[in-house]
Structure formats: structure tokens, C-alpha cells
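Because the structure is predicted, anything quoted here is derived from the model rather than measured. So that the names make sense, note that chain A is the first sequence line, chain B the second, and so on, each numbered from 1.
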Amino acid sequence: MFIIRRSLLINPAFSWRGFCSPPINNKLFVGGLSWSVDEKSLKDAFSSYGEVTEVRIMYDKDTGRTRGFGFVHFSKADEAQCAKDAMDGKAFLGRPLRISFALDKVRGASVVVPRFSSVGDAAERDN
DNA sequence: GTTGAGCGTT
């Protein structure tokens, strides 16, 4: 019987570094970026491992410089996993990269007020 | 001319 649950072995969701990694998605968190790294630089670097659909680097509104981290969106989660496994820990523009799967956060998702339309429980004051 | 772990609209 060499039949093993190969599904769990080939399944990336069960072969992370232990179990301290977030769920897999096509969004990658790229940290440890150099201060001179641009979105096009990251996209050009990650486009070799997959189809990059979106690249977002966080800039500082005060200094206008990069915060040193960004996000890379891939067309497929498999490409993102490949790019992560390939670029994670590697040096980029003189600084080691810290790549990780991004959290399922979206703009507006952090603060959302569920308003019930059928709530007549004294919640409607000036509707 | 600076700094260095992180998780999103600068």
C-alpha cells in the first residue's frame, strides 16, 4: 500500500512552512523592498514567474518615498506561490525580499457599517 | 543623502 493521501502532499495549502502561513491566494505581500524599488521593477521581476495582473507598492504621503513593501497580484494563485517560493529570501536591488501571501484585506473592508434596512429596533432615528 | 518590520490606496 503505497497509496497515501497525495492530495494533501501536493496541495500547497497543506505544505506550508509548518502551519504558520495565511491561506493561499493570488495576492502576494512583498516586504523588505529597497527604498528605490518601483512598481514596474517588481512587476518586471515577478512577471517572469507568472502573469502579474496588479502591482501595488505603498508609498508614504509625507515623504513620498516607498514604505518598503507592496503587493503583487497574480492571475493565478499557483503563479503567486511559484513566485513567492522563487523570490522569497532573494536579494532585490541590494535588499533581501520578504515575500508572503497577502491577507484578504481590501480597501473599505477594514471599516464597514452593516446597516439593516428592515431594522425597526429604535436604530432608525433620522432616516 | 537618514530608517528596516510589516499587510493595502500612497
For this session: Indicate whether F101(A) forms a stack on dC7(B); treat it as stacked only if centroid distance is below 5.5 angstrom and interplanar angle below 30 degrees.
Result: no
For this session: Hey, which sits more toward the 5' end of DNA chain B by its nearest nucleotide, G31(A) or M58(A)?
Result: G31(A)
Exercise. Any side-chain heavy atom of V52(A) sitting closer than 4.5 Å to one from F74(A)?
Worked result: yes
For this session: Select base, sugar-phosphate, or nothing to describe what L33(A) touches, counting heavy atoms under 4.0 Å on all strands.
Result: base
Exercise. Going by ring centres under 5.5 Å and near-parallel planes (under 30°), is F69(A) stacked on dA5(B)?
Worked result: no
Problem set entry | Gap between atoms CG and C1', on N25(A) and dC7(B) respectively (whole Å) | 11 Å
For this session: Look at the side chain of W35(A) and decide which nucleotide, out of dC7(B), dT2(B), dA5(B), has an atom nearest to it.
Result: dA5(B)
Seminar exercise, completed: By nearest-nucleotide position on DNA chain B, the 5'-leaning member of T66(A) and D60(A) is T66(A)
Compile the donor-acceptor pairs under 3.5 Å between side chains in residues 38-47 of chain A and protein atoms, sequence neighbours left out, one pair per line.
from   : atom 1 : to     : atom 2 : distance (Å)
E39(A) : OE2    : I57(A) : N      : 3.3
S47(A) : OG     : K43(A) : O      : 2.3

For this session: Could you please name the option among dC7(B), dT2(B), dG6(B) that lies closest to any side-chain atom of R67(A)?
Result: dG6(B)
Problem set entry | Atom pair distance, as rounded to whole Å: NZ in K27(A) and C1' in dT9(B) | 15 Å
Problem set entry | Spacing between I57(A) atom CD1 and dG6(B) atom C1', to the nearest angstrom | 15 Å
For this session: Select base, sugar-phosphate, or nothing to describe what T63(A) touches, counting heavy atoms under 4.0 Å on all strands.
Result: nothing
For this session: Select base, sugar-phosphate, or nothing to describe what R98(A) touches, counting heavy atoms under 4.0 Å on all strands.
Result: sugar-phosphate
Could you list the donor-acceptor pairs under 3.5 angstrom formed by side chains in residues 63-71 of chain A, with sequence neighbours left out?
from   : atom 1 : to     : atom 2 : distance (Å)
T63(A) : OG1    : D60(A) : OD2    : 3.3
T63(A) : OG1    : R65(A) : N      : 3.3
T66(A) : OG1    : W35(A) : O      : 3.3
R67(A) : NE     : Y59(A) : O      : 3.4

Problem set entry | Nearest-angstrom distance from the residue atom CZ of F29(A) to P of dT9(B) | 13 Å
Seminar exercise, completed: Here the distance between atom P of dT3(B) and atom OH of Y59(A), to the nearest Å, is 20 Å
Exercise. Atom CZ of R56(A) and atom P of dG6(B): how far apart are they, to the nearest Å?
Worked result: 23 Å
Seminar exercise, completed: Atom CD of E39(A) and atom P of dT9(B) are separated, to the nearest Å, by 13 Å
For this session: Rounded off to whole Å, could you give me the CG-to-C1' distance for the L97(A) and dG6(B) pair?
Result: 13 Å
Exercise. Do you reckon V72(A) sits in the same ILVMFWY cluster as F29(A), going by side-chain contacts under 4.5 Å, direct or chained?
Worked result: no
Exercise. Within the side chain of N26(A), is there an N or O that forms a donor-acceptor pair under 3.5 Å with the backbone of H73(A)?
Worked result: no
